[in-house]
Amino acid sequence: MGCYSTPITISKILNGMHIGGVVATQDQNEKFFITVAWPYPSGAMHIGHARTYLIPDIVARWKRMMGYDVLFPMGFHLTGTPIVGSVERIKSKDQSYLKLLKEVFEVSEEDIKRRLEDPESFARYFIDESPLGYKKGMVGLSLSIDWNRECTSIDPQYKRMVEWQFRKLYEKGLVRKGKHPVKFCPNDDNPVTDHDLLEGEGVGIAEFTLIKYRGEDGAIFPAATLRPETIFGVTNLWVNPNVSYLKVKVGEENWIVSEECAKKLPFQGKNVSASTKKISGGKLVGRSATNPVTGKAVEILPAKFVDPGNGTGVVGSVPAHAPYDYMALKDLGSDIEPIDVIEVHGRGNATEELIAELKIKSQHSEKLEEATKKVYKLEFSSGVMASNIPGYGGKRVSKAKDEIKAELLENNFADVMWEFDEKPVQCRCGAECVVKLVEDQWFLRYSDGEWKEKVERYLDELELIPKESKEYFRNILSWLEDWPCTRKVGLGTKLPWDDKWIIESLSDSTIYMAYYTIVPYTKEMDPEAIDDEVYDYILMGKGDPKELSEKGLDEKLLKKARESFVYWYPLDVRYSANELIPNHLTFMLYHHLALFPKELAPQGIVTFGMGVLEGRKMSSSRGNIYPISKAIEELGTDGTRYYLTCLSEPWQDFDFRRGQALTTSRIIERIRTAVKNGLKFEPNEHKPEWMDRWLLSVFQRNVEEANRTLAIYQTRKGILSAVDEPFRNLRWYLRRGGDRIEILEDWIKLMDPFLPNLAEELWELIGKDGEVERESYPEFDSSSLDEDAESREKFIQDMMEDIAKIVAVALRKKKKDEKKIRVVIAENGEGKEWERETLKSAIPIYEERFGMGIKVEEGGKETKEPLPGRPAIYIE
RNA sequence: GCGGGGGUAGCCAAGUGGUCAAAGGCGGCAGGCUCAAGACCUGCUCUCGAAGGAGUCCGCCGGUUCGAAUCCGGCCCCCCGCACCA
């Protein structure tokens, strides 16, 4: 297999031509600033990444040829924990990870030791050095990136900007401290993300209300519930007679909870004094406790369904609305009557009905789970509080729930604790995770009404592609809450006013597009000398560069940085994955709108669909990736570009199939061959006189379509119009006796944004100097349109199809020897001359195609009269 | 559960009221070129049909309409996101 196009790229690299990239110029043309989500270099660059970076490259190249000053930069995101985690795994000789490095990422034993045992060096390895790394992949794909702007999220100058950004937000009151429950590994003493879990991915955290029933001796039985509104219907409490309970001191109170619960409470901000006083559940049975709201005493009864590992191990019993409670009372033979506190319009008690319907016989029935869910859902969505409930009668359950809970908490009648809504949740280290309440976490206040509204309003001005994503954004805003923006571990920028925290990775990369505009200048600055005033000047135009220069910075450099920012900002289009809409892209809008005037917020967002490989999710850890280096080797640079582009539009999902890619990408070779052959043609006198006009005409239609679709970011349609269609037309033209390829120059220009290496190669081949990419992109010229020529060729093609049908039917099971085709044109048709001339020109291709002689006649005394424009066809 | 997207021929994928048996690509088949293979070129690729026609077809079921892949209602199935994580 040939690397069709790579030799040119490589020769450019050798000639020192900025490794295939393109340096942005500020020529005071119209500017176009385009960025794409920067990669996190924790492994090999694969074909999915390749498409992400290729699509904006096509647009950047097109805009450049359209005469824009284009800025298409690239940086690398190193913030966060995965790289640090990978390095840890190497140090601890994690065999499965080492295997991945060696076998999938093709890292040598030596490089693992030499380069990968430090996070920054690890990242640099996958950015610069690895043959499977990002930069080699991007260069190999001929991406026209301005590498002068390369930067990372841990460059000191970048960190200064993030510090500036956070202090600004802090001053505006948009960052504040708060509490939040998280998944936490007690063994590692660290919060865990879903990614770090052995089991329990996607498990949610549910907030239980602990209702404080006071026992006779003053000890509190905190009954855990998800339904505080049922407190009015509690008839008794449940404990499990077979488990141990502890009396522990929580703050000033004595609580009786299960042993498991006593271990969890300290993680949830409860001040718990250790206690060794065990009480068996059985011993609690028979005691009584007082309902804090109704003041009624209720008895403590035994129930085996009570799970000591969930909540407190103490449960309030609401037989009217909880199937478990109902059955447990039945099992005990108790005469306690259920108390209805929720009504569902138009039906009786849902609990009793379901128990009857599902034929549930005891508290051990498996069907109780199902019944419980149904009752809960029904009563939550369509239930109202019974009319006799003071203060809440008639209120919707969904509303009353929160109000009652708030009231209970306010009166110290209740507390809260968190539990996973599914179990088990197990850390990679094997330990069982707990819910921890992080107390001094910093939050970005995305729930802030004013801030949120700004974003919401801006959505209407923003160009969103595909436009469906606007609905998606709106939906995100409807539920987006405050975002915990700091972490204890990982790479990144320290929170400027509280340096035990590191700014979390999605929060430190919300305005980095602004940073690209100034990298060439900040690189020259001493990071120590950069303070908030410097960024106030560069990004907001405040202050005087002359005064600032006294900090030890070059005044000219400062001015240039400011000019560059002003020149390029705002961002014209942002490319990113649609899975980043719920976080990064939304945050990007928030931060821009908080820090800059609306005019400087990103103008457009294009979101990518998902990619899969051979129908399966791409996954480095499972080895299901197709590294970009391999793609370039097997398909060639332009072959890879071609296949990735025509696979689907950017926002659509795609399935990369290597086998298909191998055959599809052969088009590069076919075009090359066709052009080479086309150059050798001798003038052909049999060519119909309109053929050249035809070729120019249909080519103009391709030009129009290519420009139209690129302008709306439809690169798939774009490549079909710029590459496939002209090629198909060219082949028809040659088949029809065409002999001079007048469109060649423009066609090469047209294909350049998509297949730059092939374009350059052909450009040279046809004897042109310089580079195609410096030429102007062809623009639609309606004066070349030729309706007559187009309808003639259309007529010929339609007739060919009709003849083929008739030949197939007429000659079924017969030999075509000595048969002839006779085409009879209507003699009364106005266009009979036109028809005859057109059809006669096609005789050679018809004869070749059908292997029979063909006659074109007029009139005739056939049974069926031919219609004008619809000649009759006879096989005889 | 909530929200977003989707189900079109062997596969991928265009297609938003008639011009649709449905573009294009891949695969398959046949022919040409070639010593041969690859590449390249041409044609065929739902069923029936001795004349350009007919039938069936776009996840399933109904409806609107002279006419539905396309519009409306209901159902089934698939993918993605639901947060402290890049």
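A, B, ... follow the sequence lines: proteins, then strands. Residue 1 opens every chain.
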### Query
To the nearest angstrom, how far is Asn583(A) atom CG from rA83(B) atom P?
11 Å
### Query
Counting only Watson-Crick or G-U wobble pairs whose two distances fall under 3.5 Å, which nucleotide matches rU19(B)?
none
### Message
From C-beta outward on Leu480(A), which listed nucleotide comes closest to its side chain: rA83(B), rG25(B), rG81(B)?
### Response
rA83(B)
### Task
Between rA39(B), rG4(B), rA23(B), spot the one nearest the side chain of Arg666(A), thanks.
rA39(B)
### Query
Given atom NE2 of His584(A) and atom C1' of rC80(B), what is their separation to the nearest angstrom?
19 Å
### Message
What is the separation between atom CH2 on Trp651(A) and atom C1' on rG6(B), rounded to the nearest whole Å?
### Response
16 Å
### Message
Just to be sure I understand the rule, does Thr79(A) reach a base, reach only the sugar-phosphate, or reach nothing, if contact means heavy atoms closer than 4.0 Å?
### Response
sugar-phosphate
### Message
Checking contacts here: which listed nucleotide (rC12(B), rG25(B), rC26(B)) is nearest the side-chain heavy atoms of Leu647(A)?
### Response
rC12(B)
### Query
Which base sits across from rU56(B) as a Watson-Crick or G-U pair, both distances under 3.5 Å?
none
### Nearest to side-chain heavy atoms of Glu669(A), which nucleotide of rG81(B), rA39(B), rC12(B)
rA39(B)
#### Entry: Base partner of rG1(B), which must satisfy Watson-Crick or wobble distances under 3.5 Å
rC82(B)
#### Entry: Watson-Crick or G-U counterpart of rG27(B), or none if no pair lies under 3.5 Å
rU45(B)
#### Entry: Ile205(A) CD1 to rC82(B) P, straight-line distance once rounded to whole Å
14 Å
### Query
What interatomic distance, in whole Å, is found between P of rU8(B) and the corresponding atom of rU70(B)?
14 Å
#### Entry: Geometric cation-pi criterion Arg658(A) and Phe656(A), 6.0 Å radius, 45° cone
no
### Message
I want to check a possible cation-pi pair here: Lys494(A) against Trp501(A), using under 6.0 Å from ring centre and within 45° of the ring axis as the test.
### Response
no
### Query
Any ion pair linking Asp798(A) and Lys794(A) (charged N to carboxylate O, less than 4.0 Å)?
yes
### Query
So what does Glu468(A) hit on the nucleic acid, given a heavy-atom distance under 4.0 Å: a base, only sugar-phosphate, or nothing?
sugar-phosphate
### Query
Nearest to the side chain of Arg716(A) - rA13(B), rG81(B), rC41(B)?
rA13(B)
### Query
Among side-chain atoms of Tyr97(A) and Ser86(A), is any donor-acceptor pair under 3.5 angstrom?
yes
### Query
Ile581(A) near the nucleic acid: base, sugar-phosphate alone, or nothing, with a heavy-atom cut-off under 4.0 Å?
nothing
### Task
Specify the residue among Pro82(A) and Glu725(A) whose closest nucleotide of RNA chain B lies further upstream toward the 5′ end.
Glu725(A)
### Query
Distance between the C1' atoms of rG27(B) and rC33(B), in whole angstroms?
23 Å
### Message
Between rG3(B) and Asn475(A), counting only base atoms on the nucleotide and side-chain atoms on the residue, is there a donor-acceptor pair under 3.5 Å?
### Response
no
### Query
When the P atoms of rU47(B) and rC57(B) are considered, how many whole Å apart are they?
16 Å
### Task
Kindly point out which of rG5(B), rA13(B), rG43(B) is positioned nearest to the side chain of Gln652(A)?
rA13(B)
### Message
Roughly how many Å apart are rA69(B) and rC77(B), using the P atom of each and rounding to a whole number?
### Response
25 Å
### Query
Quantified in whole Å, what is the P atom distance between nucleotide rU42(B) and nucleotide rG10(B)?
26 Å
### Query
rG7(B) and rG15(B): how far apart are their P atoms, nearest whole angstrom?
11 Å
### Query
Which of the following nucleotides, rG43(B), rC26(B), rC11(B), is nearest to the side chain of Arg657(A)?
rC11(B)
### Message
Under 4.0 Å between a side-chain nitrogen and a carboxylate oxygen: does that hold for Lys676(A) and Glu669(A)?
### Response
no
### Query
Is a side-chain donor or acceptor of Lys401(A) paired with a backbone partner of Leu226(A) at a separation under 3.5 angstrom?
yes
### Message
The side chain of Glu471(A) is closest to which nucleotide in this list: rA13(B), rC26(B), rG4(B)?
### Response
rG4(B)
### Query
Of all the nucleotides listed (rG15(B), rC26(B), rC41(B)), which has the minimum atom distance to the side chain of Arg731(A)?
rC41(B)
#### Entry: d(CZ, Phe656(A); P, rG25(B)) in whole Å
19 Å
### Query
For atom P, what is the distance between rU19(B) and rA54(B), given to the nearest Å?
12 Å
### Task
Using the C1' atoms only, state how far rA13(B) lies from rC2(B), rounded to an integer number of Å.
31 Å
### Query
In whole angstroms, how far is the P atom of rA39(B) from the CG atom of Leu662(A)?
11 Å
### Message
Regarding Lys717(A), tell me which of base, sugar-phosphate or nothing describes its non-hydrogen contacts under 4.0 Å with the strands shown.
### Response
sugar-phosphate
#### Entry: For rU64(B), the Watson-Crick or wobble counterpart (both distances under 3.5 Å)
none
### Message
Whole angstroms only, please: what is the CD-C1' distance between Glu649(A) and rA14(B)?
### Response
10 Å
#### Entry: Minimum-distance nucleotide to Met610(A) side chain [options: rC40(B), rC26(B), rC80(B)]
rC80(B)
### Task
Verify side-chain hydrogen bond (donor to acceptor under 3.5 Å, both in side chains) between Arg657(A) and Thr664(A), making sure each step is shown before the conclusion.
CA-CA 10 Å; Arg657(A) 293 180 185 261; Thr664(A) 307; over 6 Å; no
### Task
Name the nucleic acid region contacted by Arg735(A), choosing base, sugar-phosphate or nothing; use a 4.0 angstrom heavy-atom cut-off, strictly under.
sugar-phosphate
### Query
Contact class for Thr81(A) (heavy atom, under 4.0 Å): base, sugar-phosphate, or nothing?
sugar-phosphate
#### Entry: Sugar-phosphate only, base, or nothing, as touched by Leu720(A) at under 4.0 Å among non-hydrogen atoms
nothing
### Query
Centres of the Trp38(A) and Tyr158(A) rings: under 6.0 Å?
yes
### Query
Between Thr673(A) and Thr663(A), who's closer to the 5' end of RNA chain B by nearest nucleotide?
Thr663(A)
